[in-house]
Amino acid sequence: MPTLLIRNIGSLVLAETAPRPFVAGRDMQALPQVNNAYLLIENGRFRAFGPMAECPGRADEVVDAGGGFVFPSWCDSHTHIVFAASREQEFVDRIKGLSYEEIARRGGGILNSARRLRETPEEELLASALRRIREIEALGTGAVEIKSGYGLTVESELKMLRVIQRLKEETAMPIKATFLGAHALPPEYRENREGYIRLIIDEMLPRIAGEGLADYIDAFCEKGFFTVAETEQLMEAGARYGLKAKVHVNQFNSLGSIPVCVKWNALSVDHLEVVSEEDIESLKGSNTMATLLPSAPFFINDPYQPARRLIDAGLPVALASDYNPGSTPSGKMQFVVSLACIKCGMLPEEAIHAATLNGARAMELEEDYGSIAVGKVANFFITPPIPSVAYLPYAFGSDLVERAFLRGELVD
Ligand code: NIG
Ligand code: FE
């Protein structure tokens with residue numbers, strides 16, 4: 001079995017001797033690190049680590065980190081990277097004063113992406129999504145969730161989910177697929193909301209589940225999109241097919257969906273720009289991960305997520321990119337971590353936990369990903385020499401992911 005030895009690591013970050021499934025509240029501040037360390041990988045998994053004084057003498061391949069830090073790869077638990085076209089015209093419209101919601105009301109936004117996706121062949125969607133996968137691999141992402149939701153017809157939702165399925169064969173990182181039929185009400189159903197919900201439940205879900213194309217179900221629960229009652233109907237329908245929920249909630253309004261998601265044992269509630277005390281109370285003691293996407297309010301000029309209130313309430317928090325053509329045309333997790341610190345008040349140690357281990361938990365991948373622990377898959381990246389972990393969010397304009405590895409192999 002081939003071995004790879006990384007020597008002279010300035011600090012091995014999130015190195016766990018007793019792996020935790022996730023980390024919550026105050027514990028998020030205590031980031032386990034081994035300074036001046038080695039890391040041994042065997043057959044694509046972490047085999048051993050420790051101080052350089054105990055470094056094994058030989059391995060099939062040796063990499064000198066030269067004092068650079070080693071981090072576990074980012075676990076990006078919320079993206080929409082299958083899409084047909086960019087939307088920079090809406091970006092310019094927002095600069096001129098229109099809001100994200102106003103653009104959506106005028107038929108732009110998600111419906112703009114849906115029009116483009118419907119007319120784009122599967123092969124073309126695959127090629128562009130694969131370029132985005134290669135991009136995020138190089139940015140240090142080592143596990144990703146991808147949503148449908150720009151099809152909004154039976155055939156186009158299936159087309160998106162097939163693209164996601166095919167992406168799995170093209171990358172060494174694990175991919176989780178989420179069915180987001182309830183992303184926006186398509187124009188054909190403008191006068192018939194109930195009809196679209198029925199289409200999702202009676203036609204889309206059985207086909208998607210039958211073909212094994214989705215791991216999770218999602219809905220955009222928001223004013224002008226889907227109601228709490230509709231979201232609950234969809235979670236219930238998903239549960240009948242064994243699909244847990246990961247739900248877009250509280251981006252612009254707190255409508256009371258978080259307690260309902262918790263009741264349905266949702267895996268995560270995502271966005272959370274607006275959070276009520278009742279929302280926080282309902283998350284306590286639940287299995288639902290609060291997933292913050294600070295690149296979205298950065299890009300569309302909204303209030304940032306109140307991470308401090310969540311963490312200070314003892315909750316676990318995950319960070320994800322939300323990479324999509326409308327609200328977040330970026331999959332750069334290092335920048336997400338910077339925003340989480342600068343704009344949401346998270347400490348660097350908390351943000352690193354949130355973007356790795358807790359992200360893995362929000363995809364049910366924590367047993368194999370999200371930290372450096374013996375037996376986990378060797379997805380990690382090496383930085384240039386840096387003074388401390390705080391330097392990573394601090395140097396927000398520098399690319400600190402110098403060498404990324406997936407299953408112990410260097411990403412070109
Ligand atoms: O997470 N808010 C809903 N969905 C996406 C944006 C989708 C789009 O604008 O294309 C989000 O921000
Ligand atoms: Fe999203």
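Counting starts at 1 for both ligands and their atoms, following the listed order. The basis for the numbers below is simple: all heavy atoms, side chains too, and nothing from hydrogens, waters or symmetry mates.
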### Query
Between F91 and F299, what is the ring plane arrangement, given parallel below 30°, perpendicular above 60°, and tilted in between?
parallel
### Query
Can you say whether the rings of Y150 and F83 are parallel (under 30°), tilted (30 to 60°) or perpendicular (over 60°)?
perpendicular
### Message
If you define the side chain from C-beta out and look only at heavy atoms, does anything of T288 sit under 4.5 Å from L267?
### Response
no
### Atom name in H248, limited to N/O/S, at shortest distance from the Fe ion (ligand 2)
NE2
### Message
For H78, run the side chain to side chain donor-acceptor pair (under 3.5 Å) check against D218, D270, T328 and tell me which one passes.
### Response
D270
### Message
Name the residue from E366, E16, R20 that meets the side chain to side chain donor-acceptor pair (under 3.5 Å) definition with S371.
### Response
E16
### Task
Mind jotting down which protein residues get a heavy-atom contact under 4.0 Å with ligand 1? Chain and number order, please.
H78, H80, R87, Y100, I110, Y150, H183, F220, H248, Q251, H271, D322, N324, G326, S327
### Query
Under 6.0 Å between ring centres, would you say that holds for Y391 and F69?
no
### Query
F298 and Y304: aromatic ring centres closer than 6.0 Å?
no
### Task
Look at H78 and state whether any of its N, O or S atoms is less than 2.8 Å from the Fe ion (ligand 2).
yes
### Task
Please confirm if an N, O or S atom belonging to D322, backbone or side chain, lies less than 2.8 Å from the Fe ion (ligand 2).
yes
